[in-house]
Trainee: 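Sharing a structure here in structure tokens format.
Please read all numbers here as calculations on a predicted model, not as lab measurements. By convention here, the first residue in the shown sequence is residue 1.
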Amino acid sequence: MRVDLQRGRYHARQAASVADLEACQRLRARCFFGTDGLDVDAFDAGWQHLIVEDGIGGPIVCTLRFQMCTGAQANAGYAAGFYDLQPFAQLEGPLLEIGRFCCDPGRLDPHILRVAWGSVTQIVDAAK
């Protein structure tokens, strides 16, 4: 699966390097903690990360991480630490778990979210 979506000035793609991942973690730290550090946890290594940039190669304005799993695997994800996901174990087909979704607090352009959710749609469609 490859995410690549361009709409207007915004471009969405999957993180492809350590530098991309660190840029995602930097934006998350600003959004969730108001700091200039990195928001890192043990789940980052096993998940894929989506980036929405202001222009191709421009600053990251939105990010989220995601993983595809089966219903039986849902109890091993991040959300399983907070919610009872046992009912999902019976479902057939792939499931998508999304986490750490955030947008640059200085950017109030609704097109950012449209590109992010359009990319999530690409991910779901590719998993069918």
Trainee: Does Arg100 make a cation-pi contact with Phe32 (under 6.0 Å, within 45 degrees of the axis)?
Mentor: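 The answer is yes, since Arg100 meets both limits relative to Phe32.
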Trainee: Checking His49 now: which residues fulfil side chain to side chain donor-acceptor pair (under 3.5 Å) with it, not counting sequence neighbours?
Mentor: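 For His49, the residues satisfying side chain to side chain donor-acceptor pair (under 3.5 Å) (neighbours in sequence not counted) are Asp44.
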Trainee: Take Cys103 and Val61, measure what side chain to side chain contact (heavy atoms under 4.5 Å, CB included) needs, and give me the verdict at the end.
Mentor: CA-CA 6 Å; Cys103 294; Val61 296; over 6 Å; no
Trainee: Walk me through it: do Cys31 and Leu27 pass the test side chain to side chain contact (heavy atoms under 4.5 Å, CB included)?
Mentor: CA-CA 6 Å; Cys31 292; Leu27 178 59; 3.8 Å; yes
Trainee: Could you measure the distance from the CZ atom of Arg28 to the CG atom of Leu64? Nearest 0.5 Å is fine.
Mentor: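 One finds 10.0 Å between CZ of Arg28 and CG of Leu64.
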Trainee: List in chain and number order the residues that pass side chain to side chain donor-acceptor pair (under 3.5 Å) with Asp54, two or more places apart in sequence or in another chain; answer none if no residue qualifies.
Mentor: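 For Asp54, the residues satisfying side chain to side chain donor-acceptor pair (under 3.5 Å) (neighbours in sequence not counted) are Arg9, Arg107.
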Trainee: Work out which heavy atom in Ile51 is nearest to a heavy atom in Cys24; give both atom names and the distance.
Mentor: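 Distance-wise, the nearest heavy atoms are CG1-SG, 3.5 Å.
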Trainee: On a heavy-atom basis, which atom in Trp47 and which in Ile98 lie closest, and how many Å separate them?
Mentor: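 Taking Trp47 first and Ile98 second, the nearest heavy atoms are CZ3-C, 4.2 Å.
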Trainee: For the atom pair CZ (Phe33) and CG (Asp39), what is the distance rounded to the nearest 0.5 Å?
Mentor: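 Separation between the atoms: 4.5 Å.
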Trainee: If you take all heavy atoms of Gly118 and Leu5, which pair is closest and at what distance?
Mentor: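 Nearest heavy atoms, Gly118 then Leu5: C-CD2, 3.7 Å.
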Trainee: Look at the side chain of Gln6 and the backbone N and O of Gly8, then say whether any donor-acceptor pair between them is shorter than 3.5 Å.
Mentor: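 Between the backbone of Gly8 and the side chain of Gln6 there is a qualifying donor-acceptor contact (under 3.5 Å).
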Trainee: Grab the two heavy atoms, one from Gln67 and one from Gly46, that are nearest each other, plus how far apart they are.
Mentor: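 Of all heavy-atom pairs spanning Gln67 and Gly46, the closest is OE1-O, 4.4 Å.
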Trainee: State, with a plain yes or no, whether a side-chain heavy atom of His11 is found less than 4.5 Å away from one of Val115.
Mentor: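 Of all side-chain heavy-atom pairs linking Val115 with His11, none is under 4.5 Å.
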Trainee: To the nearest 0.5 Å, how far apart are CD in Glu97 and CZ in Phe43?
Mentor: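 Spacing of CD (Glu97) from CZ (Phe43) equals 8.0 Å.
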Trainee: Holding to ring pair (Phe, Tyr, Trp, His ring centres under 6.0 Å), I want the full list of residues that pass it with Phe82, two or more places apart in sequence or in another chain.
Mentor: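 Result, ring pair (Phe, Tyr, Trp, His ring centres under 6.0 Å) vs Phe82: Tyr78.
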Trainee: Should we say atom CG of Asp36 is surrounded by more than 12 heavy atoms from elsewhere, each under 6.0 Å from it?
Mentor: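 No, not enclosed.
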Trainee: What do the steps show when you test Cys62 against Tyr10 for side chain to side chain contact (heavy atoms under 4.5 Å, CB included), and what is the final call?
Mentor: CA-CA 10 Å; Cys62 179; Tyr10 299 108; over 6 Å; no
Trainee: Mind checking the OG-CZ spacing from Ser119 to Arg7? Nearest 0.5 Å is all I need.
Mentor: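 Atom-to-atom, Ser119:OG and Arg7:CZ are 9.0 Å apart.
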Trainee: Check the pair Asp109 / Arg114 against salt bridge (Lys or Arg N to Asp or Glu O under 4.0 Å), numbers first and verdict last.
Mentor: CA-CA 9 Å; Asp109 189 342; Arg114 288 184 182 106; 5.5 Å; no
Trainee: Would Trp117 end up clustered with Ile112 when hydrophobic side chains under 4.5 Å apart are linked, directly or stepwise?
Mentor: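 No: no chain of side-chain contacts under 4.5 Å links Trp117 to Ile112.
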Trainee: Which heavy atom in Ala29 sits nearest to a heavy atom in Gly37, and how many Å separate them?
Mentor: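 Nearest heavy atoms, Ala29 then Gly37: CB-O, 3.2 Å.
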Trainee: Search all heavy atoms of Leu50 against all heavy atoms of Ala12 and return the closest pair with its distance.
Mentor: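 Looks like CD1-CB, 4.4 Å.
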Trainee: Working to the nearest 0.5 Å, report the span between CZ of Arg30 and CG of Leu38.
Mentor: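 The CZ atom of Arg30 sits 11.5 Å away from the CG atom of Leu38.
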Trainee: Going hydrophobic residue to hydrophobic residue with side-chain gaps under 4.5 angstrom, can you get from Val124 over to Phe66?
Mentor: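 Val124 and Phe66: one cluster.
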Trainee: What residue among Arg13, Glu53, Gln14 forms side-chain contact (heavy atoms from CB on, under 4.5 Å) with Asp20?
Mentor: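 Checked Arg13, Glu53, Gln14 against Asp20; only one passes side-chain contact (heavy atoms from CB on, under 4.5 Å): Arg13.
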Trainee: Under a 4.5 Å side-chain heavy-atom rule over Ile, Leu, Val, Met, Phe, Trp and Tyr, are Phe101 and Val3 clustered together?
Mentor: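 Linked within one cluster.
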Trainee: Where do Thr63 and Cys102 land on the side chain to side chain contact (heavy atoms under 4.5 Å, CB included) test, with the steps shown first?
Mentor: CA-CA 6 Å; Thr63 188; Cys102 61; 3.7 Å; yes
Trainee: Report whether Val120 and Met68 are members of the same hydrophobic cluster (ILVMFWY, side-chain heavy atoms less than 4.5 Å apart, transitive linking).
Mentor: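 Yes; Met68 is reachable from Val120 via cluster members.
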